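Heads up, the thing below is written out as structure tokens.
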Amino acid sequence: MNDASTTTRRDSHQQELRHDFRSAEPRWQAEWERRACFAVPDVPPADAKKYYVLEMFPYPSGKIHMGHVRNYTLGDVVARYKRARGHMVMHPMGWDAFGLPAENAARERGIHPGTWTYQNIANMRAELKRMGLSIEWAREFATCDAEYYGQQQKLFLDFHRAGLVERKESWVNWDPVDGTVLANEQVIDGRGWRSGALVEKKQLSQWFFSITKYADDLLRALEGLDRWPERVKLMQANWIGRSEGARVRFRLTAPVEAAAPQPPIDDIEVFTTRPDTLFGMSFLAVAAEHPLAAAAAARDPQAAAFVAECRRMGTSEATIEQAEKRGHDTGFRVAHPFIEGASFPVWIANFVLMEYGTGAIFGCPGHDERDYEFAAKYGLPITPVVLPPGADPQGFALEGAAYTGEGTIFNSGFLDGLEVTAAKRRAIEALEAKGQGTGLVNWRLRDWGVSRQRYWGCPIPFIHCAACGVVPVPDDQLPVRLPEDVDFSKPGNPLDTHPTWKHVACPSCGQPARRETDTCDTFVDSSWYFARFCSPRAAVPVTREAVDAWLPVDQYIGGIEHAILHLLYSRFFTRGMRDTGHLAIAEPFAGLFTQGMVTHESYKSADGRWLYPEEVEFGTAADGSRTATLKGGNAPVTIGRVEAMSKSKRNTVDPGAIIDRYGADTARWFILSDNPPERDMEWTEAGVAGAYRFSQRLYRLVAAALDGLPPAGTGAEGATGEAKKLRQATHRTIAAVTEALDSFAFNVAVARIHEFANAIGEAGEGTGAAKREALEAITRLVAPMMPHLAEELWSLLRPDETALVAELPWLEPDPALLRAETVTLAVQVLGKLRGTIEVAVDADEATIFALAEAEENVQRSIAGKPIRKRIHVPGRVVNFVV
RNA sequence: GCCCGCCUGGCGGAAUGGUAGACGCAGCGGACUUAAAAUCCGCAAUCCGCAAGGAUGUGGGGGUUCGAGUCCCCCGGCGGGCACCA
């Protein structure tokens, strides 16, 4: 099979009309670099229109993948387009360089995490540069640079001074064999991924950022983010999870001896959004981590066994909620706040989360699905207290499920007859009057635990002193650097097991003390990097003049998988930095675009092995369907599903190989042309080959026309006939591509450029100046997408021009050429298309109706029936109702 | 389990509530060539029909409307997130 890398020896004319991307792409990249086309000052001049384009920075895994290529291509189109529109564009790049994979590499291959990371960065930087991105590399940094994480430590201390940092107990996944804390993804079916040991929950004292202090503001401010996708705002709102309800105190019928040396427990607090259903209560349930569960476990081995079992479930909410609902009756009982003399059993339940509300619920199985399932399983009573509209209170019974809709309260004493909303209010009033509870707004959002018991992260800058407590590291001792000499052969956190690193003098009293050995969650690193880019070498976290000028990011682009956590943490961090005087704004990202994933077919050999695409050869079966066999043999291969590219499925395509074979412009063009950027795209060999053909066609279109073109600058005004038609196509395409780029419809922009290329190809002789105008226009319209080819074409069309396309302004369409003289209207009868008519754009309605009615096929459909209604949508449609 | 999306020809997709399928990929036919590749031209949702034309059609079912891919309700399939992967 022939391909783009085969040098074909044919007549010299053909040879001449072939775009040699291999020499052109590096040449233009060097020229952009030489002219510093993409450099901007930290503080732009006052009259500059600034525009900050940022793609989510990559984790330096070693090689760029197609997801990166897609992400950075999208961002680069925006950056180049906005620059052409007259903005001063900042477009930086860096590395999200701390994290688990570097430690895994260290354990598995004995390579130092730092060495591994910086090698990966060098590789990936070179690969990204080959894409021809309009990035200002002078701003580059990695989060594992001490210059970066040292400034992060300053922010940590500033946040601490501002009351945004606290220490709390929290639960982690603990691997008892490896002696390490496990990430959720390292827990597989309840076992540690390396040791295979059953994972336990363990309580540790950890560092937290007080994100909940901003819960209300983080929720309200979503409204103002008018250039964010609605679904992302919705996901964030649900995550923050504001709910109105009540805190209810249930008195234990007898005090319970607490497990730890603490005063006995005599009541349990519950949060509920349904105080209206209190009369439907049938049990109370606490989380396995609740003090009352501990008290039960202390005196009852069965309760202890159940609590231990819950501890083996891990900390992931998905695991907990998907597990079968199970419980254990503690034997304790609580009194009902309203029903004199009534009491209910207290259970420990595996679906109650300690982190939400108070870690305890009251169960009303009649009107809550989870409570219903639980009550049905353990034979607990189910009393309906909400009567659906129109139901009969005498004969009403729940049929196999809870009723969670609106209705009227019954079986509920003083609440009877009230609607749900009114009953909630009345119940809260009654609770408050009796001192048994209070109305309350509760949030699902929890404080952000940032402690990680790992080496490859930003050290948390505190020192533990027996005498002085937890003492901040003084500013002049920052950064707290990671030690270089670390031993990954021992279990546990290498910082903790390091012989000397943690032993320091207390900054306050000078006595021997211990350094904090926890490092930061890597989400902290990515929560302010966008601000650091504005003044990347500053000796402070950010310089005010730079961030005040450049922030917020005007267009942020990245994967939908970050819709909640990364974006929420960055919004929190920006508020924290504002309140500690580093910034003036609250919202970091004015515009957000979330791209889809890159997918590919997967392939499996007969023995069930995943195969790389380059190991497979394709053919066509007798029935026309595609077949696949192993290359260099004919062992059958199964073509599997199209799914997200992943190393484990081996359905990956190496961007480097694609650029070698087709060039960066082709890769970029295919990615943009395939589908809308917010959707998942499928990488196909045929698609990229098609994109390559188009790039060559464009080159031929220009190169073949050169000899016949009038000199540059020849006016095309006053053109008639063919030439005018071409000029209309030119200006309509400028308008259409501009609109498409403004709305992220890059695939539509590509389609319009294809149509335009067809129109130029069809344009007849004698269109001289109009043809030059068209070729120059198409060159400049493709420039954000295929920047190297555009420079090459521009140099052919304007050999004497000194400016690069990258330095030219965007084109403006001539409104006079956008107008049409006639318009085609669809003519419908009863909403069904029966014909079309061509009318002058300014034709009056009577003329249009007469013309439409006269149309032969329309006549046949009306068939003499009287017309009851005539509808005319100007420029679109005529509809007759008969 | 909970929250959020997506679903249109063989494939990717286009379409301010107004001619569904633009444009591209793959396919088929033709031109060029000794031949192939490359290139250029043409055809193409499905079914019926020689044609004119008709019927069906945007995951399935229902609704609103003169008119629904688009708005509303229910269902199905696929995907993202669920707080220590990044």
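Proteins get letters first, then strands, A, B, ... in listed order; numbering begins at 1 in each. The shown structure was predicted, so the numbers you read here are calculated from the model rather than taken from an experiment. Below, each value reflects all heavy atoms present in this structure, side chains not excepted, and no hydrogens, waters or symmetry copies.
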Atom pairs and distances, donor-acceptor, side-chain atoms in residues 871-882 of chain A, under 3.5 Å, two or more places apart:
unit_1    : atom_1 : unit_2    : atom_2 : d
His872(A) : ND1    : Glu845(A) : OE2    : 3.0
Asn879(A) : OD1    : Leu830(A) : N      : 3.4
Asn879(A) : OD1    : Gly831(A) : N      : 3.1

Side-chain donor/acceptor pairs under 3.5 Å, residues 101-108 of chain A, sequence neighbours excluded:
unit_1    : atom_1 : unit_2    : atom_2 : d
Glu103(A) : OE2    : Tyr455(A) : N      : 2.8
Glu103(A) : OE2    : Trp456(A) : N      : 2.7
Asn104(A) : OD1    : Arg194(A) : NH2    : 3.0
Arg107(A) : NH1    : Phe488(A) : O      : 3.2
Glu108(A) : OE2    : Arg194(A) : NH1    : 3.4

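The distance between the ring centers of Phe98(A) and Tyr149(A) falls below 6.0 angstrom. The six-membered or imidazole ring of Phe694(A) lies away from that of Tyr692(A), with a centre-to-centre distance of 6.0 Å or more.
Atom CZ in Arg231(A) sits roughly 16 Å away from atom P in G79(B) (whole-Å rounding). Regarding Leu222(A), its CG atom lies at a distance of 14 Å from the C1' atom of C4(B), rounded to whole Å. If you take CZ of Arg732(A) and C1' of C23(B), they are 18 Å apart, rounded to a whole angstrom. The interatomic distance linking Phe670(A) (CZ) with A26(B) (P) rounds to 11 Å, in whole Å. Taking atom CG of Asp371(A) as the reference point, atom P of C2(B) lies 14 Å away to the nearest angstrom. Atom CZ of Phe694(A) is separated from atom P of C23(B) by 13 Å (rounded to the nearest Å). C6(B) atom P lies 12 Å from atom CD of Glu230(A), rounded to whole Å. One can place CD of Glu678(A) at 17 Å from P of G80(B), the figure rounded to the nearest angstrom.
A close approach under 4.0 Å does occur between a side-chain nitrogen or oxygen of Arg693(A) and OP1 or OP2 of C25(B). Contact between the side-chain N/O atoms of Lys832(A) and the OP1/OP2 oxygens of U56(B) is found at a separation under 4.0 Å. For G54(B), one of the phosphate oxygens OP1 or OP2 lies less than 4.0 angstrom from a side-chain nitrogen or oxygen of Arg834(A).
In terms of the side chain to side chain donor-acceptor pair (under 3.5 Å) criterion, residue partners of Ser170(A) (sequence neighbours excluded) are, by chain and number, Gln206(A). For Trp683(A), the side chain to side chain donor-acceptor pair (under 3.5 Å) test picks out no residue, with sequence neighbours left out. Here Arg732(A) pairs with nothing under the salt bridge (Lys or Arg N to Asp or Glu O under 4.0 Å) rule; sequence neighbours left out. Every side chain to side chain donor-acceptor pair (under 3.5 Å) that Asn173(A) has, sequence neighbours left out, goes to Asn184(A), Thr315(A). Scanning for salt bridge (Lys or Arg N to Asp or Glu O under 4.0 Å) contacts around Asp680(A) gives an empty result, with sequence neighbours left out.
Of the N and O atoms on the side chains of Gln453(A) and Asp496(A), not one donor lies less than 3.5 Å from an acceptor on the other residue. There is a side-chain donor-acceptor pair under 3.5 Å between Asp175(A) and Ser195(A).
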Contact list (N/O, under 3.5 angstrom) for nucleotides 8-19 of chain B vs protein:
unit_1 : atom_1 : unit_2    : atom_2 : d
G12(B) : O2'    : Asp674(A) : O      : 2.5
G12(B) : O2'    : Asp674(A) : OD1    : 3.3
G12(B) : O2'    : Asp674(A) : OD2    : 3.1
G13(B) : O3'    : Asn747(A) : ND2    : 3.2
A14(B) : OP1    : Asn747(A) : ND2    : 3.2
G18(B) : N2     : Gln828(A) : OE1    : 3.3
G18(B) : N2     : Asn879(A) : ND2    : 3.4

Quick one: which protein N/O atoms are closer than 3.5 Å to N/O atoms of nucleotides 84-86 of chain B? Pair and distance per line, please.
unit_1 : atom_1 : unit_2    : atom_2 : d
C84(B) : OP2    : Arg452(A) : NH2    : 2.9
C84(B) : O4'    : Arg452(A) : NE     : 3.3
C84(B) : O4'    : Arg452(A) : NH2    : 3.3
C84(B) : O3'    : Asn184(A) : N      : 3.3
C84(B) : O2'    : Asn184(A) : N      : 2.6
C84(B) : O2     : Arg454(A) : NH2    : 2.4
C84(B) : N4     : Ser451(A) : O      : 3.4
C84(B) : N4     : Gln453(A) : OE1    : 3.3
C85(B) : OP2    : Asn184(A) : N      : 3.4
C85(B) : OP2    : Glu185(A) : N      : 3.0
C85(B) : O4'    : Glu185(A) : OE1    : 3.2
C85(B) : O4'    : Glu185(A) : OE2    : 3.1
A86(B) : OP1    : Leu100(A) : N      : 3.2
A86(B) : OP2    : Thr522(A) : OG1    : 3.3
A86(B) : O3'    : Asp96(A)  : OD2    : 2.7

Would you tabulate the nitrogen or oxygen pairs shorter than 3.5 Å linking the protein to nucleotides 40-47 of chain B?
unit_1 : atom_1 : unit_2    : atom_2 : d
C40(B) : OP1    : Arg697(A) : NE     : 3.4

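With distances taken from any side-chain atom of Asn758(A) to the nucleotides A26(B), G24(B), A22(B), the minimum falls on G24(B).
G9(B): glycosidic angle within 90° of 0, hence syn.
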Could you write out RNA chain B as dot-bracket? Rules: Watson-Crick or G-U wobble, both distances under 3.5 Å, brackets [ ] for crossings, | for pairs with another strand, dot for unpaired.
(((((((..(((.....[....))).(((((.......))))).((((....))))..(((((..]....))))))))))))....

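Going from the C1' atom of G10(B) to that of G1(B) covers 38 Å, rounded to whole Å. Remark: the separation of the P atoms in U8(B) and C41(B) is 30 Å, to the nearest Å. With C1' as the reference atom, U58(B) and A68(B) are 11 Å apart, rounded to whole Å. Using atom P as the reference point in both G49(B) and G12(B), the two lie 30 Å apart (nearest Å).
Around atom CD of Glu561(A), more than 12 heavy atoms belonging to other residues, nucleotides or ligands sit under 6.0 Å away.
In this structure, His19(A) and Phe21(A) have tilted ring planes: the angle between them lies in the 30° to 60° band. Classification of the Phe572(A)-Phe209(A) ring pair by plane angle, with boundaries at 30° and 60°, yields tilted.
In terms of position on RNA chain B, the residue among Leu445(A) and Phe880(A) whose nearest nucleotide sits closer to the 5' end is Phe880(A). Nearest-nucleotide mapping onto RNA chain B: of Ala751(A) and Met235(A), the residue sitting toward the 5' end is Met235(A).
Of the residues in residues 317-326 of chain A, those placing a heavy atom less than 4.0 Å from an atom of RNA chain B are Glu317(A), Ala318(A), Glu321(A), Gln322(A), in numerical order.
Ion pairing between a basic and an acidic side chain is recognised when a charged N comes within 4.0 Å of a carboxylate O; Glu373(A) and Arg370(A) show no such pairing.
Listed for the His68(A) side chain is a donor-acceptor partner under 3.5 Å among the backbone atoms of His65(A). A side-chain donor-acceptor contact under 3.5 Å links Thr143(A) to the backbone of Ala97(A).
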